[in-house]
A.B. asks: 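Here you go, one structure.
Please read all numbers here as calculations on a predicted model, not as lab measurements.
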Amino acid sequence: MQTSDILSGFNQYGPLLIFIILFLESLNLTGIPAIIILPTIGFFIKMSGSNFLFIYLITVLGSVSGCLLYYVVAIKFGRPLYDFFYRKIPATRRSLEKASELSERYGAMMCFIGRILPTVRTFISLMSGIFAIPFKTFSFYSAAGIAIWNFMTLFIGYLVALYSS
């Protein structure tokens, strides 16, 4: 497969695939972190001549959609899992207590700040659901953090393509 074939596929199926990949990444189901996925997409945006703003909006929509689903699942099942791990696996207590303390201290800002920190960002929906951050608040701060994170990481890939060609 040649680069021209990849770019042709990106132009034809890119927006849908990007939405699905970012949706799944927000659910922690891709096995590849956004810090690798998004710069790669940014690179292909430049190489394919796609519209940066359009693809950026697709990434935000995919990420926000996935994190909202993750939050809903965490609201429903997160607290029982938290309690189970806390009671049955003493080694997890310290980490769980720290997460609870951070949630109480920072509340909704945890959603915003956590979205722009690698590794932490993947667990914000889970923690927000477990600690019952209000849905509207969670949605607003998560979307804002996702918008910043996706722009920064996409733009890094875009710049790499810009200066490597």
A.B. asks: Nearest 0.5 Å please: distance from the CD1 atom of I130 over to the CG atom of D83.
C.D. replies: 9.0 Å
A.B. asks: Which heavy atom in I133 sits nearest to a heavy atom in C111, and how many Å separate them?
C.D. replies: CG2-SG, 4.2 Å
A.B. asks: State, with a plain yes or no, whether a side-chain heavy atom of P15 is found less than 4.5 Å away from one of F54.
C.D. replies: yes
A.B. asks: Is it true that S125 and R115 share a donor-acceptor pair across their side chains at a distance under 3.5 Å?
C.D. replies: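 R115 vs S125: donor-acceptor pair found between side chains.
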A.B. asks: Kindly compute the distance separating OG (S63) from CD1 (I146), expressed to the nearest 0.5 Å.
C.D. replies: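 Output value for this atom pair is 5.5 Å.
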A.B. asks: Identify the two heavy atoms, one from A74 and one from L126, that lie closest to each other, and give their separation to 0.1 Å.
C.D. replies: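 Smallest heavy-atom distance, with atoms named: CB-O, 3.6 Å.
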A.B. asks: Would you say that K76 contacts V72 through its side chain, given a criterion of any heavy-atom pair below 4.5 Å between the two side chains?
C.D. replies: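 A side-chain contact under 4.5 Å is absent here.
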A.B. asks: Taking the ring centre of each residue, are F151 and F52 less than 6.0 Å apart?
C.D. replies: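 F151 vs F52: aromatic centres under 6.0 Å.
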A.B. asks: Verify, without hydrogens or angle tests, whether T59 (side chain) and Y56 (backbone) share a donor-acceptor contact under 3.5 angstrom.
C.D. replies: yes
A.B. asks: Restricting to non-hydrogen atoms, name the atom on E25 and the atom on A34 that form the minimum distance, rounded to 0.1 Å.
C.D. replies: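 The answer is OE2-N, 3.3 Å.
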A.B. asks: Decide yes or no for I41 and T153: does some side-chain heavy atom of the first lie under 4.5 Å from some side-chain heavy atom of the second?
C.D. replies: no
A.B. asks: Could you tell me the separation between the CG atom of L27 and the CG atom of L22, rounded to the nearest 0.5 Å?
C.D. replies: 11.0 Å
A.B. asks: Should L68 and V64 count as side-chain neighbours, where that means a heavy-atom distance under 4.5 Å?
C.D. replies: yes
A.B. asks: So Y71 and S139, side-chain contact (heavy atoms from CB on, under 4.5 Å) or not? Walk me through it.
C.D. replies: CA-CA 9 Å; Y71 172 86; S139 301; over 6 Å; no
A.B. asks: Assess the residue pair F23 and L29 against the criterion (side-chain contact (heavy atoms from CB on, under 4.5 Å)); give the C-alpha distance rounded to whole Å, side-chain angles, the decisive distance to 0.1 Å, and a yes or no.
C.D. replies: CA-CA 9 Å; F23 178 82; L29 296 176; over 6 Å; no
A.B. asks: Does some side-chain heavy atom of P39 sit less than 4.5 Å from a side-chain heavy atom of V160?
C.D. replies: no
A.B. asks: With rounding to the nearest 0.5 angstrom, report the CD1 to CZ distance, I124 to F112.
C.D. replies: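 That separation rounds to 12.0 Å.
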A.B. asks: Under the criterion side-chain contact (heavy atoms from CB on, under 4.5 Å), I'd like the reasoning laid out for S128 against Y141: C-alpha separation, chi angles, the key distance, then a yes or no.
C.D. replies: CA-CA 11 Å; S128 296; Y141 284 106; over 6 Å; no
A.B. asks: Check S26 against G62 and note the closest heavy-atom contact, atom names and distance.
C.D. replies: OG-O, 4.3 Å
A.B. asks: Of L24, I32, I18, which is the lone residue that meets side chain to side chain contact (heavy atoms under 4.5 Å, CB included) with I37?
C.D. replies: I32
A.B. asks: Kindly assign one of parallel, tilted or perpendicular to the pair F135 and F138, based on the angle between their ring planes and the thresholds 30° and 60°.
C.D. replies: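 Geometry flag for F138 against F135: tilted rings.
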A.B. asks: How many angstroms lie between OH in Y158 and OH in Y163, if you round to the nearest 0.5 Å?
C.D. replies: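 The distance works out to 10.5 Å.
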A.B. asks: Taking all atoms of both residues into account, what is the closest heavy-atom pair of I21 and T30, and its distance?
C.D. replies: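 Between these two residues, the closest heavy atoms are O-CG2, 3.6 Å.
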A.B. asks: Taking all non-hydrogen atoms of both residues, which atom of F19 and which atom of I58 are closest, and how far apart?
C.D. replies: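 Closest pair (atom of F19, atom of I58, distance): N-CG2, 3.7 Å.
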